Amino acid sequence: MDFTPDPERSRAEMESIQREIAAEATFVDAIDLTPGDVTEGDALVAGVDQAFLLDEEPERAVSAVIVSRGGEVVERTHAVTGLSIPYIPGLLAFREGGPILAAVDTLDCEPDLFLFDGSGRIHYREAGLATHVGVITDTPSVGVAKSLLCGEPRASVDELPEGERVPIDGDDRMPTDEVVGYAYQSRQFDSGRINPLYVSPGHRVSAETAVEFVAACGGEYKLPKPTRRADAYADELKREYTDTNA
DNA sequence: GCGACAG
DNA sequence: ATCTTGTCGC
């Protein structure tokens with residue numbers, strides 16, 4: 001089945017495709033590597049993020065991918081792609097999925113795990129960006145979002161101590177009651193007012209393991225290092241493509 | 001009609 | 001996501 005994000009689809013078709021993707025997705029561990037392998041340096045982890053050129057017609061996206069192993073960057077690549085549909089909550093993958101795949105396709109290596117910025121199973125149809133791209137590439141993937149799309153934290157997420165996590169249960173807007181992800185406080189300074197990350201399975205990883213992987217990636221900031229690096233790289237590229245054309 | 005809503 | 005410098009607070 002071809003799940004390539006086609007922006008020309010009608011909204012109903014996109015939603016239908018997402019249900020098919022969710023059916024194909026695996027929300028249990030189906031990966032050889034463990035979070036420990038990330039720490040030990042035996043896993044190739046790819047961080048993916050984007051920056052946008054919105055003052056153009058059509059708008060363009062700069063998709064950046066940085067692959068590291070044991071904290072060392074081993075490859076980085078990117079793609080600049082035209083965007084055809086606006087951002088619609090729940091349909092993010094149809095706007096950004098194609099551009100991301102364009103960048104991933106230019107990769108020389110084959111990552112063992114992808115970290116996407118956005119949701120995975122924490123999605124109305126359990127098919128967020130991380131799940132969509134994870135299923136298409138059939139590669140283990142994790143979604144790392146900075147805010148919650150849907151689902152209900154089992155407990156208050158305010159003043160969550162560093163390193164702690166709170167399960168996110170599926171709510172009435174979702175087709176499941178299971179734990180679809182975790183609120184995870186990667187960094188916390190003095191008083192607890194920093195929002196946690198919302199980590200969810202993309203494909204071939206369980207919610208529990210997804211958080212462990214994010215924790216194993218480390219980093220001195222809120223975002224896991226692979227994501228932060230991709231973030232910085234995307235911004236750097238954006239500056240380049242802003243003043244020039246090619 | 002009202003509220004909620006990844007990036 | 002993006003527009004944007006300095007600034008309030010620990």
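Residue numbers start from 1 in every chain, and the chains themselves are labelled A, B, ... in the order their sequence lines are given, proteins ahead of strands. Since the structure is predicted, the reported quantities are computational estimates derived from the model, not experimental observations.
- Without hydrogens or angle criteria, Ser141(A) side chain to His203(A) main chain gives a donor-acceptor distance under 3.5 Å.
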Polar atom pairs (N or O), protein with nucleotides 4-7 of chain C, under 3.5 Å:
none

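- Pairs engaging residues 194-206 of chain A under the salt bridge (Lys or Arg N to Asp or Glu O under 4.0 Å) rule: Asp138(A)-Arg204(A) [sequence neighbours left out].
- Taken to the nearest 0.5 Å, the CD1 atom of Ile21(A) stands 8.5 Å off from the CE atom of Met1(A).
- Formation of a donor-acceptor pair under 3.5 Å by the Gln185(A) side chain with backbone atoms of Glu159(A) is not found in this model.
- Every side-chain contact (heavy atoms from CB on, under 4.5 Å) that Ser10(A) has, sequence neighbours left out, goes to Ala12(A), Glu13(A).
- Counting to the nearest Å, the C1' atom of dC3(C) and the CG atom of Asp235(A) are 14 Å from each other.
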Where does DNA chain B pair, written as one dot-bracket string 5' to 3', with Watson-Crick or G-U pairs under 3.5 Å, ( ) inside the strand, [ ] for crossing pairs and | for another strand?
.......

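- For residues 172-185 of chain A, every residue pair satisfying the salt bridge (Lys or Arg N to Asp or Glu O under 4.0 Å) rule, not counting sequence neighbours, is listed here: Arg121(A)-Glu178(A), Asp171(A)-Arg173(A).
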For nucleotides 5-7 of chain B, print each protein N/O atom paired with a nucleotide N/O atom at under 3.5 Å, atom names and distance only.
from, atom 1, to, atom 2, distance (Å)
dA6(B), OP2, Tyr87(A), OH, 2.6
dA6(B), N7, Gly90(A), N, 3.1
dA6(B), N6, Gly90(A), O, 3.1
dA6(B), N6, Leu91(A), N, 3.4
dA6(B), N6, Leu92(A), N, 3.1
dA6(B), N6, His123(A), NE2, 3.4
dA6(B), N1, Leu129(A), N, 3.1
dA6(B), N3, Ser119(A), N, 3.0
dG7(B), OP1, Lys146(A), N, 2.7
dG7(B), OP2, Ser147(A), OG, 3.2
dG7(B), O3', Asp117(A), OD2, 3.3

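- Sorted by first then second residue, the salt bridge (Lys or Arg N to Asp or Glu O under 4.0 Å) pairs that include residues 90-109 of chain A, not counting sequence neighbours, are Glu59(A)-Arg95(A).
- Counting heavy atoms from C-beta on, the side chains of Val179(A) and Arg154(A) come closer than 4.5 Å.
- At whole-Å resolution of the value, CG in Asp55(A) and P in dC3(C) are 7 Å apart.
- Within the structure, salt bridge (Lys or Arg N to Asp or Glu O under 4.0 Å) contacts touching residues 84-93 of chain A (residues at least two apart or in different chains) do not occur.
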For Watson-Crick and G-U wobble pairs within 3.5 Å on both distances, what is DNA chain C written in dot-bracket notation, | included for inter-strand pairing?
..........

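- Applying the ring-ring contact (aromatic ring centres under 6.0 Å, His included) criterion to Phe94(A), with sequence neighbours excluded, gives His132(A).
- A salt bridge between Arg125(A) and Glu20(A) is absent, with no side-chain N of the basic residue lying under 4.0 Å from a carboxylate O of the acidic one.
- Counting non-hydrogen atoms under 4.0 angstrom, Ala51(A) reaches the backbone sugars and phosphates but no base.
- Residues passing the ring-ring contact (aromatic ring centres under 6.0 Å, His included) test with Tyr182(A): none are found, sequence neighbours excluded.
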Donor-acceptor pairs under 3.5 angstrom involving side-chain atoms of residues 216-236 of chain A: please list them, not counting sequence neighbours.
from, atom 1, to, atom 2, distance (Å)
Lys222(A), NZ, Asn195(A), O, 2.9
Arg229(A), NH1, Gly71(A), O, 3.0
Arg229(A), NH2, Gly71(A), O, 2.8

